Number of protein chains: 2
Amino acid sequence: MAQKDPVLALDNQICFALYALNRAVTARYRPLLAELELTYPQYLVMLVLWEQGAGAESARVSDVGARLRLDSGTLTPLLKRLEERGLLLRQRQADDERVVRLLPTEAGWQLQEKARQVPARLMCGLDVEPQRLMALQQELRSLLAVLEGSAPSD
Amino acid sequence: MAQKDPVLALDNQICFALYALNRAVTARYRPLLAELELTYPQYLVMLVLWEQGAGAESARVSDVGARLRLDSGTLTPLLKRLEERGLLLRQRQADDERVVRLLPTEAGWQLQEKARQVPARLMCGLDVEPQRLMALQQELRSLLAVLEGSAPSD
DNA sequence: CAAAATTAAATTGGGCACAATGTAAATTAC
DNA sequence: GTAATTTACATTGTGCCCAATTTAATTTTG
């Protein structure tokens, strides 16, 4: 029972670095988003809706899911909470009743104004060069593309 | 209501790249860990226990928590499931009853043998240079240190 | 057109993650 | 040496994440 195996050392698992950093970043968002009464996944959903616009181009549940890589099991209850909070409407599409359209309300759009401060405030007091983050983001996105483009072997 | 604000564009949020990649990596682990009947956080806990060893040096709940940055609200039920599965024992320390020691069972140690295949199999069929991942891991760890070393301003 | 297949969401259930609170044991301060 | 504090876990409750199943609407096929 060789206990010390560098292959299994926690510090050698890149996945753990990713997991830990992701939670640390989320934790840093938390107090800022609390001022908007949003959780972090709710914030991401609102970003998608704000981006998408209104009317006929309004996002469907599946659009948000495709963008965020989340399924209806996650999104349906989350969206219901956002609706209860008055930030959006969930409306069945008339000519295809399978589809649910997501329409930000006036309050939902107003929240966007407050949200604009979030990204800058997040970096506040963090001594990290923006350039470094840009490079990291590129690398993360590139790896995501690799993972999404190749099925697990086996 | 300026809808298009690059500051709020999903693709400009490094946090989202991190969030999405983390889930994609976890998803890639899932089928491999399913063969060990472990979830991903359970796997991380077992990595810590295997690293820690047995006896007097056995890990306490708080040791695992410090290593993985998880609190007892997360760990207690997770550890109970691992105990029910026969992978470890949770034992109150005799000379300080506040402390719970975590002792891998024989089955827990045997699982380590099977786990050794996991890291290599994860990379299987993934066309990414190891060097690139090492560099990324360094960067992730460095940023985690920055985040953990500075309180949110405000 | 009617049956079969597909699609879009919703539901159910298990397992994290975390805040807040509770509880018991140990430590410290007087 | 007792009271106050601290420490280590456990518990409770909310919300996410995902697999599996269900339901209803639409599309495709024969």
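Order of the sequence lines fixes the chain letters, A, B, ..., with proteins taken first and strands second; residue numbering starts at 1 for each chain. Source: prediction; values computed, not measured. Worth knowing before you read on, the calculation uses all heavy atoms, side chains too, and leaves out hydrogens, waters and symmetry mates.
Across all strands shown, B:N22 has no heavy atoms under 4.0 Å from either base or sugar-phosphate atoms. Within the nucleic acid shown, A:D63 has no heavy atom closer than 4.0 Å to any nucleic acid atom.
Here D:dC18 is the nucleotide among D:dC9, D:dA25, D:dC18 with the atom lying nearest to any side-chain atom of B:R23. Distance from the side chain of A:Q42 is smallest for D:dG15 among the nucleotides D:dG15, D:dA8, C:dC16. In the set C:dG15, C:dA8, C:dT11, the nucleotide with an atom closest to the side chain of A:R60 is C:dA8. Across C:dA19, C:dA9, D:dA10, the shortest atom-to-atom separation from the side chain of B:V100 is found for D:dA10. Nearest nucleotide to the side chain of B:R90, out of D:dA19, D:dA8, D:dA10: D:dA10. The side chain of A:R98 lies closest to C:dA8 when the candidates are C:dC18, C:dA10, C:dA8.
Neither OP1 nor OP2 of C:dG14 sits under 4.0 Å from any side-chain N or O of B:R81. Neither OP1 nor OP2 of D:dC17 sits under 4.0 Å from any side-chain N or O of B:Y40. OP1 or OP2 of D:dT11 sits under 4.0 Å from a side-chain N or O of B:K80. Contact annotation: A:S62 side-chain N/O to C:dA9 OP1/OP2 distance is under 4.0 Å. Regarding contacts with the backbone of D:dC9, every side-chain N or O of B:R92 stays at 4.0 angstrom or more from both OP1 and OP2.
Near-neighbour residues of DNA chain C inside residues 69-79 of chain A, defined by a heavy atom below 4.0 Å, number-ordered: A:S72, A:G73, A:T76.
Each of A:T26 and B:E97 was matched to the nucleotide of DNA chain C holding its nearest heavy atom; the match closer to the 5' end belongs to A:T26.
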